[in-house]
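Below is one structure, written out as structure tokens; the observations come after it.
Numbering of ligands and ligand atoms starts at 1, following listing order.
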Amino acid sequence: MLKKRFAFAPWCATILLLASCGGDSKQGAPSASSVGKTYNWKLVTSWAPKFPVLGEGAEKFAQWVDSASGGRLKIKVYGAGELVPGLEVFNAVSAGTAEMGHSAAYYWSGKVPAAPLFASFPFGLNAQQFNAWYYGGGGKELWEEAYAPHGVVPFLCGNTGVQMGGWFNKEIKSLDDLKGLKMRIPGWGGKVIAKAGGSAVTLAATEIYTSLERGVIDATEWIGPYHDYKLGLHKVAKYYYYPGWHEPGSALELIVNKKAFESLPSDLQEIIRTAAARANIWILSEFEAQNNVYLQKLVSEEKVQLREFPKDVLMELKRLAKEVAEEETAKDPLAKKAYESVLAFKKNILAWNKMSEDAIRPYLE
Ligand code: CA
């Protein structure tokens with residue numbers, strides 16, 4: 001069920017103010033013909049229609065752009081399959097079938113080898129670190145470079161936070177328990193499971209429940225307590241594992257057709273940037289605010305068995321994840337460059353985290 005919590009915040013007035021007073025360069029200033037023009041755009045998503053948090057976030061983004069632009073940029077949001085299938089979002093935006101999309105970059109790794117680095121990869125960055133890399137560490141520019149050949153402009157637009165490790169029908173007490181394990185886990189995480197002796201399956205969200213129920217798979221990951229509860233995964237698997245080593249913070253993207261974006265007057269471009277940044281923090285905050293509420297429901301009402309992966313299992317998965325990342329990024333110069341950028345940034349931020357986040361953490365209890 002959707003909560004209608006959107007209200008016209010004073011914040012929007014600030015966007016309007018910033019947008020209209022911003023120092024437009026001559027090149028980007030609205031032309032006489034574009035001022036007062038109304039644009040009607042389509043935004044396709046990889047989420048089921050009205051999907052909590054992710055679909056809601058896309059709807060809010062569209063409302064914020066409408067309010068801030070005084071109705072000059074109207075965006076209609078489509079759920080997966082309503083206009084194009086969920087995994088066709090990038091192609092649709094690249095081709096201009098839709099001007100915009102909301103999705104996650106790792107879905108396009110077949111087309112853009114660097115893509116997982118702009119969403120999440122095993123033992124990669126958490127949400128706060130990703131934001132810092134994107135806004136202040138060169139991530140934004142690398143992401144733009146990766147999508148430029150496809151005529152697509154990316155904007156960071158949400159994060160799930162640290163995900164859960166997933167649902168298992170047997171306990172994982174040692175590395176041996178991963179051997180022969182059939183798990184629904186996409187992307188580089190799936191390649192790590194395969195290296196550990198299991199087999200990885202990619203299934204759409206709609207197929208996960210029945211596949212687990214019928215024993216087609218032994219385990220699955222999805223997102224976190226809020227969404228996993230809604231999918232009902234506690235009814236078909238006994239053990240719920242943490243942490244989500246494979247997705248320590250999955251970034252989401254707003255993608256815009258480059259030609260369409262460049263055709264907008266600069267104030268509308270700025271409104272898109274600002275609304276994407278607002279949706280970025282709204283989506284992460286919503287996950288963070290809801291996850292423990294649903295985790296407690298799962299544990300106390302549904303009697304879910306919560307388990308932490310053993311440390312030696314995580315350390316071995318981490319070793320294998322490094323191999324996977326190196327193999328995958330060796331295939332493409334830009335993927336290699338982006339991976340090196342992430343590693344250098346991570347070294348830097350982890351050194352600071354030791355004296356900041358990590359040092360204060362025990363005292364926040
Ligand atoms: Ca996931």
**Request:** Look at the aromatic rings of Phe309 and Tyr241 and report parallel, tilted or perpendicular, splitting at 30° and 60°.
**Result:**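 Rings of Phe309 and Tyr241: parallel, under 30°.
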
**Prompt:** Which N/O/S atom belongs to Glu221 and is the closest one to the Ca ion (ligand 1)?
**Reply:**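 Glu221's closest N, O or S atom to the Ca ion (ligand 1) is named OE1.
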
**Message:** What is the name of the N/O/S atom of Glu247 that is nearest to the Ca ion (ligand 1)?
**Reply:**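 Restricting Glu247 to its N, O and S atoms, the minimum distance to the Ca ion (ligand 1) goes to OE2.
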
**Message:** Any N/O/S atom from Trp222 (main chain or side chain) under 3.0 Å of the Ca ion (ligand 1)?
**Reply:** yes

**Request:** Could you tell me whether the Ca ion (ligand 1) has an N, O or S atom of Ser250 under 3.0 Å away?
**Result:** no

**Flag for Ser266-Gln269: side-chain donor and acceptor within less than 3.5 Å** =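 Not at all, the side chains of Gln269 and Ser266 share no donor-acceptor pair under 3.5 Å.
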
**Message:** Would Lys297 and Tyr294 count as a cation-pi pair here, with the cationic atom under 6.0 angstrom from the ring centre and within 45° of the axis?
**Reply:** yes

**Request:** Answer yes when Glu327 and Lys331 have at least one side-chain N-carboxylate O distance shorter than 4.0 Å, and no when they do not.
**Result:**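 No salt bridge links Glu327 with Lys331.
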
